[in-house]
**Student:** 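Please find one structure pasted underneath; my questions will follow.
Atoms within a ligand are numbered from 1 in the order they appear, just like the ligands themselves.
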Amino acid sequence: MKNIAIIGSTGSIGTQTLDIVREHEDLSIVALAAGSNIRLLEKQAREFRPAIVGVWDDDKALELRNNLKDTDIKVVSGLHGLIDVATYIRSDILVTAVVGMIGIRPTIEAIKAGKDIALANKETLVTAGHLIMPLAKRSGVRILPVDSEHSAIFQCLHGEKHNKISRLLLTASGGPFRGKTREELAGVTVADALKHPNWSMGKKITIDSATMVNKGLEVIEAKWLFDVTPDQIEVVVQPQSIIHSMVEFEDGSVKAQLGTPDMHLPIQYALYYPNRLPLPGERLDFTKMNGISIEAPDRDTFRGLDLAYLALTIGGSMPTVLNAANEKAVAMFLAEEISFLEIYDIIEGCMKAHRVIAKPTLRDILTTESWVYDHIENMTRG
Ligand code: NDP
Ligand code: MG
């Protein structure tokens, strides 16, 4: 039996993880946490019977505690609650399905407690990869990628332990605005940006896909997961989202992982690694396909990619600035406070004004996040 804890159980990755658990008798949910959606969390708690449930919002936690008083499920709240769920004693693996930097502390504590990590929450590695990867190594825990591109690379690297990577080819769909000019992007609405052509995901990552900041974050995520340099990571646009990423080895051989765009596969692979289990769903039919095309990304229009490469090359606290500025800017765009293209301006403005901390501690990362929020407040007010 594998005991699973999930932080972010009510979201896109969280609910798809529960789909997998529902299908397998040897998987059991022992701890769940979410932000504020207690209606769904209560349903999940009643179905999967975890020992402990965490809610970020204190008032909602009180309400859920009351609603679950006919059960013996413990309800906890806030950051401490999130950490209690992430480190729950009986869990073997933590699925990090929360969105944003809020995932850093629970992930670090879970690693310290010896839990394997099925990592969806890329913002944690982008900002704290230099702390997390060595900590995982020291603690003897595995970081198992859930992000589809990184799962693809991870699958390609299976059995290649002693062979050197020459390049990672990270595929991108190009998002809903692929082919559009900067002028055309100026007036796009939130509804336009939320229409992803291939994937159904949470709102924040869907906007990140439209700006291609998502691919930039994934470049940084790949650097930490696979220990490569920025110039070993190339982004290519693969509009059908069938090739999930590729690895080129020293002899020029390229391995790719292909499949339909369905996150159940990388989630299940992370939960059962290194085993593959049956998974129902659509299969690729190569004879009916209109081809699998690959093109170069339009880096001038979708500036998110180059901003991320720059942040990665500068290193230190700069990826935190990129990430925190993006989190705030996306929230502002979703609230219709700024335009689509202003997301890039805000990220760039913060990166230009930031004084880099070379080897940021956890405290430095969190201080940098606050500095970014204050800076955006000043930038947009002034
Ligand atoms: P969603 O927005 O769908 O879900 C986010 C989850 O996090 C929800 O359960 C939400 O709870 C919870 N949450 C938010 N804030 C807090 C908080 N402060 N404390 C506790 N829980 C919180 O996001 P996705 O599932 O799309 O994405 C999750 C992560 O996975 C992101 O980092 C994303 O980049 C990554 N990812 C997602 C993919 C996808 O296909 N969706 C693909 C690859 C990576 P509530 O519902 O109550 O708000
Ligand atoms: Mg991805």
**Student:** Parallel, tilted or perpendicular: which describes the rings of His354 and Trp371, with under 30° parallel and over 60° perpendicular?
**Tutor:**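 His354 vs Trp371 ring planes: tilted.
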**Student:** Ignoring hydrogens, what is the shortest heavy-atom contact between Val228 and Lys223? Give both atom names and the distance.
**Tutor:**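 Distance-wise, the nearest heavy atoms are O-CG, 3.2 Å.
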**Student:** Provide, to 0.1 Å, the distance between atom 29 (C) of ligand 1 and the closest protein heavy atom, together with that atom's residue and name.
**Tutor:**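 Nearest neighbour among protein heavy atoms for atom 29 (C) of ligand 1, to 0.1 Å: Val98 O, 3.3 Å.
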**Student:** Taking only heavy atoms of Ile102, which atoms of ligand 1 are found under 4.0 Å from at least one of them?
**Tutor:**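 Those of ligand 1 that fall under 4.0 Å from Ile102 are 18 (N).
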**Student:** What about Gln16: any of its N or O atoms under 3.5 Å from an N or O on ligand 1?
**Tutor:**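 Such a contact does not occur with ligand 1.
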**Student:** Between ligand 1 and Asn121, can you find any atom pair, the residue atom being a heavy atom, that is separated by under 4.0 Å?
**Tutor:**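 Asn121: in contact with ligand 1 (<4.0 Å).
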**Student:** Quick one: look at Lys122 and ligand 1, take heavy-atom pairs under 4.0 Å, and tell me if it's side chain, backbone, both or neither.
**Tutor:**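 Contact part for Lys122 vs ligand 1: both backbone and side chain.
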**Student:** Could you check which N/O/S atom of Asp147 is closest to the Mg ion (ligand 2)?
**Tutor:**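 Going by distance to the Mg ion (ligand 2), the closest N, O or S atom in Asp147 is OD1.
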**Student:** Pairs of nitrogen or oxygen atoms closer than 3.5 Å, one from Ser36 and one from ligand 1: do any exist?
**Tutor:**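 Yes; at least one N/O pair falls below 3.5 Å.
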**Student:** So if I count the atoms of ligand 1 from 1 in the order they appear, which ones are less than 4.0 Å from some heavy atom of Glu123?
**Tutor:**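 Answer for ligand 1: 31 (C), 32 (O), 34 (O).
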**Student:** Go through it in stages, so that I can follow the logic: the residues are Phe302 and Tyr344, the test is ring pair (Phe, Tyr, Trp, His ring centres under 6.0 Å), and I'd like the CA-CA distance, side-chain angles, deciding distance and then a yes or no.
**Tutor:** CA-CA 9 Å; Phe302 299 94; Tyr344 300 130; 7.4 Å; no
**Student:** Distance-only, no hydrogens or angles: does the Glu348 side chain make a donor-acceptor pair with backbone N or O of Asp345 under 3.5 Å?
**Tutor:**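 Side chain of Glu348 to backbone of Asp345, a donor-acceptor pair under 3.5 Å: no, none is there.
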**Student:** Quick one: nearest non-hydrogen protein atom to atom 19 (N) of ligand 1, plus distance?
**Tutor:**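 Result for atom 19 (N) of ligand 1: Trp56 CB, 3.4 Å.
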**Student:** Counting distance only, does the side-chain N/O of Glu149 pair as donor-acceptor with the main-chain N or O of Ala172 below 3.5 Å?
**Tutor:**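 Looks like no, no N/O pair under 3.5 Å.
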**Student:** Do Asn214 and Lys122 have side chains that approach each other closer than 4.5 Å (heavy atoms only, starting at C-beta)?
**Tutor:**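 Yes, their side chains come closer than 4.5 Å.
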**Student:** Just by distance, with hydrogens left out, do Glu42 and Gln44 show a side-chain donor and acceptor under 3.5 Å apart?
**Tutor:**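 The criterion, which ignores hydrogens and geometry beyond distance, is not satisfied for Gln44 and Glu42.
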**Student:** Which N/O/S atom belongs to Glu218 and is the closest one to the Mg ion (ligand 2)?
**Tutor:**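 So the atom name we want here is OE2.
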**Student:** Closer than 4.0 Å to some heavy atom of Thr10 - which atoms of ligand 1 meet that?
**Tutor:**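 Heavy-atom distances to Thr10 below 4.0 Å select 8 (C), 9 (O), 10 (C), 11 (O), 45 (P), 46 (O), 47 (O).
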**Student:** Tell me which N, O or S atom from Glu149 is the closest to the Mg ion (ligand 2).
**Tutor:**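 The closest N, O or S atom of Glu149 to the Mg ion (ligand 2) is OE1.
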**Student:** Do His150 and Glu221 meet the criterion of a side-chain donor-acceptor pair at a distance under 3.5 Å?
**Tutor:**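 Looking only at side-chain atoms, Glu221 and His150 do form a donor-acceptor pair, the distance falling under 3.5 Å.
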**Student:** One residue to check: Ala97. Relative to ligand 1, which of side chain, backbone, both or neither has a non-hydrogen atom less than 4.0 Å away?
**Tutor:**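 Just the backbone.
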**Student:** Among all protein heavy atoms in this structure, tell me which lies nearest to atom 16 (C) of ligand 1, with the distance rounded to 0.1 Å.
**Tutor:**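 Protein heavy atom at minimum distance: Gly35 CA, 3.9 Å.
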**Student:** Can you find a side-chain donor-acceptor pair between Asn323 and Glu327 that sits under 3.5 Å?
**Tutor:**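 Yes - a donor-acceptor pair under 3.5 Å links their side chains.
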**Student:** For atom 33 (C) of ligand 1, which protein heavy atom lies nearest, and how many Å away is it?
**Tutor:**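 Closest protein heavy atom to atom 33 (C) of ligand 1: Ile205 CD1, 3.9 Å.
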**Student:** Taking all heavy atoms of Ser9 and all of Leu18, pick out the closest pair and write down the distance.
**Tutor:**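 Distance-wise, the nearest heavy atoms are O-CD1, 4.1 Å.
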**Student:** Taking side-chain contact (heavy atoms from CB on, under 4.5 Å) as the criterion, tell me which of Ile111, Ile93, Leu271 meets it with Asp116.
**Tutor:**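 Output: one option passes, namely Ile93.
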**Student:** Show which atoms of ligand 1 fall inside a sub-4.0 Å distance from at least one heavy-atom site of Asn37.
**Tutor:**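 Here the atoms of ligand 1 in question are 46 (O), 47 (O).
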**Student:** Checking a contact table here: which protein heavy atom is nearest atom 38 (C) of ligand 1, and how many Å away?
**Tutor:**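 Atom 38 (C) of ligand 1 sits closest to the protein heavy atom Ile13 CD1, 3.5 Å.
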**Student:** What part of Ser9 sits under 4.0 Å from ligand 1 if we count only heavy atoms: the side chain, the backbone, both or neither?
**Tutor:**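 It is the backbone that touches ligand 1; the side chain stays farther off.
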**Student:** Under 4.0 Å from any heavy atom of Gly8, which atoms of ligand 1 are there?
**Tutor:**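 This gives 6 (C), 7 (O), 9 (O), 12 (C) as the contact atoms.
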**Student:** Note the single closest protein heavy atom to atom 43 (C) of ligand 1, along with its residue, its atom name and the distance in Å.
**Tutor:**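 For this ligand atom, the closest protein heavy atom is Asp147 OD1, 3.0 Å.
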**Student:** Please list the nearest protein heavy atom to atom 26 (O) of ligand 1 with its residue and the distance rounded to 0.1 Å.
**Tutor:**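 Nearest neighbour among protein heavy atoms for atom 26 (O) of ligand 1, to 0.1 Å: Gly202 N, 2.8 Å.
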**Student:** Could you check atom 4 (O) of ligand 1 against the protein and tell me its nearest heavy-atom contact, residue, atom and distance included?
**Tutor:**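 Nearest protein contact, heavy atoms only, for atom 4 (O) of ligand 1 is Gly11 CA, 3.2 Å.
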**Student:** For Ser91, does its backbone N or O pair with a side-chain atom of Lys115 as donor and acceptor, under 3.5 Å?
**Tutor:**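 Answer holds: yes.
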**Student:** Taking only heavy atoms of Ala120 into account, list the atoms of ligand 1 that are under 4.0 Å away from them.
**Tutor:**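 It comes down to these atoms of ligand 1: 30 (O), 32 (O), 35 (C), 36 (N), 44 (C).
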**Student:** Mind checking whether Trp224 and His130 have parallel, tilted or perpendicular rings, split at 30° and 60°?
**Tutor:**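 Plane angle between 30° and 60°, so tilted.
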**Student:** Which part of Val146 is near ligand 1, with near meaning a heavy atom under 4.0 Å away: side chain, backbone, both or neither?
**Tutor:**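 Answer for Val146: neither.
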**Student:** So, Thr171 side chain and His244 main chain: donor-acceptor pair closer than 3.5 Å or not?
**Tutor:**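 A pair under 3.5 Å: yes.
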**Student:** Heavy-atom contacts with Leu82 under 4.0 Å: which atoms of ligand 1 show up? List them by number with element.
**Tutor:**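 Under 4.0 Å from Leu82, ligand 1 has these atoms: 19 (N), 20 (C).
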